[in-house]
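Here is the structure we will look at, set down as structure tokens.
Keep in mind the model is a prediction, meaning the values are calculated, not measured. Each chain gets a letter, A, B and so on, in the order its sequence line appears, and its residues count up from 1.
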There are 2 protein chains.
Amino acid sequence: MPRVLSETDVADFRDRLCEAAERLFAERGPDAVTMRQLAADLGVSPMTPYRYFEDKDDILAAVRVSAFNRFAEALEKARDSVSGARARGAAVGEAYVNFGLEHPHAYKLMFDSNQPHIEKYPELVAAGQRAQKTMTGYIEDAMAEGLVDGDALQIGLMNWAAIHGAVILELSGMLPPGGAHRICRGFDSALMRGALPRDRDAHRQV
Amino acid sequence: MPRVLSETDVADFRDRLCEAAERLFAERGPDAVTMRQLAADLGVSPMTPYRYFEDKDDILAAVRVSAFNRFAEALEKARDSVSGARARGAAVGEAYVNFGLEHPHAYKLMFDSNQPHIEKYPELVAAGQRAQKTMTGYIEDAMAEGLVDGDALQIGLMNWAAIHGAVILELSGMLPPGGAHRICRGFDSALMRGALPRDRDAHRQV
DNA sequence: TGCTTAAATTTACATCGTAAGTTTCAAGGG
DNA sequence: CCCTTGAAACTTACGATGTAAATTTAAGCA
């Protein structure tokens, strides 16, 4: 019987290729991420990656899964680092903005690359949802503590959308340094005040 | 002297090519927008567009300029259709979401396509700023009317970011039909309440 | 009518993703 | 031990792309 790749061999190669792809993307732009260049970086022939990935789109999906998982990890770490829904919201928001600004390429890979046929990559969907869960979940905590009132998921999505927008704006140079953090905090406090439970007509909101 | 293209000849060709590009993008996806296909659609040879555009990226920029201008026009029309800062905010927000949902391809061309070297296309930057101006400008009106308090640009950007996020979420199927409109309205009222001048906070109905 | 020259076409090339064919070489079986 | 086996890696090749360069076409003036 011939030599057979172990599962860790496959996983190792996939990891190394994803690293190379992200480095190429960050250092030399999206056009530099070619199958031939990736293969050259790993010291293999241009067709070898096809033993480990379906096609180039599959590589992009794997790189994005990796980025989403690191992102989710950062958010979860921030969430678990403090207690109390109010502090958690602030910590997660700050961690979100920090990640986006410190890893702009990973952030763009996650949210800026419009990958068609996402449904073909359940791992990617799962990794994305893992990140989303932390972004929207702490609103439920805030609601349980009576800090906000209304539809938890909707408020969470609003919050997420706004923070994402702020990060995108700062990454594209449309805000002064620190602008995203400031917007994020301002939005947070405004929304919190706006979504405060009120004695009479709170049910009407959102 | 040989035949020379008039300015309207050039403008006409550019317009026709942009229309073909947007139609191809909408009907057959981004990969179908090739120089050869564009030329075939216009009934010319594959190199002819190079007399009217610098390169393919220049075509994308022109298509985006066109989309941004139509978008800005829709926002401005909504803004001017009612009076009073409060109603204007709602009208612009609704027009924004409507445009995004009714012209998803134009919307994605504007905000989803990550075009490097934007600085090479001042018309594109200008068209983008024209749209942005309406999105952030009405906050200044609201402030002048004493409806909100704080940094107008910052509140405007927050608002923009949140609405954009809502549209993106609905376009990607993560919200139920009408979800973006609902989020937009909810966010609007929450932000307005949160950014109210504080002494009037208790009595203000939204 | 020819001449001039911008506009349009044709041809050609480097590079891309990847299908197909070929070679290499480690792990059993004799 | 050497031979066989077949997965893994490599080489080659193809069609498509963006576009540079060479070539052809045709409109306005002499």
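Contact annotation for Phe53(A): no contact, since no heavy-atom pair falls under 4.0 Å across all strands. Contact annotation for Thr48(A): backbone-only contact, meaning every heavy-atom pair under 4.0 Å involves sugar-phosphate atoms and none involves a base. Using a 4.0 Å heavy-atom cutoff across all strands shown, Tyr52(B) reaches sugar-phosphate atoms only and no base atom.
Checking dG18(D), dT18(C), dA20(D) against the side-chain heavy atoms of Met35(B) singles out dG18(D) as nearest. Listed candidates were dA6(C), dC10(D), dT18(C). Nearest to the side chain of Arg36(A) is dT18(C). The Pro46(B) side chain lies nearest to dT10(C) when the options are dA13(D), dA7(D), dT10(C). In this structure, the nucleotide among dA8(D), dT10(C), dA19(C) sitting nearest to the side chain of Met47(B) is dT10(C). Across dA7(D), dT19(D), dG17(C), the shortest atom-to-atom separation from the side chain of Lys56(A) is found for dG17(C).
Protein atom CG of Leu5(B) is 13 Å distant from nucleotide atom C1' of dA26(D), rounded to whole Å. Across the protein-nucleic acid pair, Asp55(A) atom CG and dA19(C) atom P stand 8 Å apart, rounded to whole Å. Computed from coordinates, the Asp57(B) CG to dT17(D) P distance equals 18 Å when rounded to whole Å. Atom CZ of Arg51(B) and atom P of dA22(D) are 14 Å apart (whole Å). Regarding Gln37(B), its CD atom lies at a distance of 15 Å from the C1' atom of dG18(D), rounded to whole Å. In this structure, Glu54(A) atom CD and dT18(C) atom P are separated by 9 Å, rounded to whole Å. Straight-line distance from the CG atom of Asp58(A) to the C1' atom of dT18(C): 14 Å, rounded to whole Å. For the pair Tyr50(B) OH and dT10(C) C1', the computed distance is 15 Å after rounding to whole Å.
Judged by distance alone, the side chain of Asp9(B) and the main-chain N or O of Ser6(B) form a donor-acceptor pair under 3.5 Å. Side-chain N or O atoms of Ser113(B) include one that pairs as donor or acceptor with a backbone N or O of Leu109(B) at under 3.5 Å.
OP1 or OP2 of dA9(D) has at least one side-chain nitrogen or oxygen of Arg3(A) nearer than 4.0 Å.
Enclosure of atom CD in Glu7(A) is not indicated, since only 12 or fewer non-hydrogen atoms of other residues, nucleotides or ligands lie within 6.0 angstrom.
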In sequence, state the C-alpha distance, the side-chain angles, and the governing distance for Glu94(B) and Arg185(B), and then conclude on salt bridge (Lys or Arg N to Asp or Glu O under 4.0 Å).
CA-CA 8 Å; Glu94(B) 194 184 345; Arg185(B) 281 195 301 272; over 6 Å; no
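Below 30°, between 30° and 60°, or above 60°: for Phe13(B) and Tyr52(B) the angle between ring planes is below 30°, a parallel geometry.
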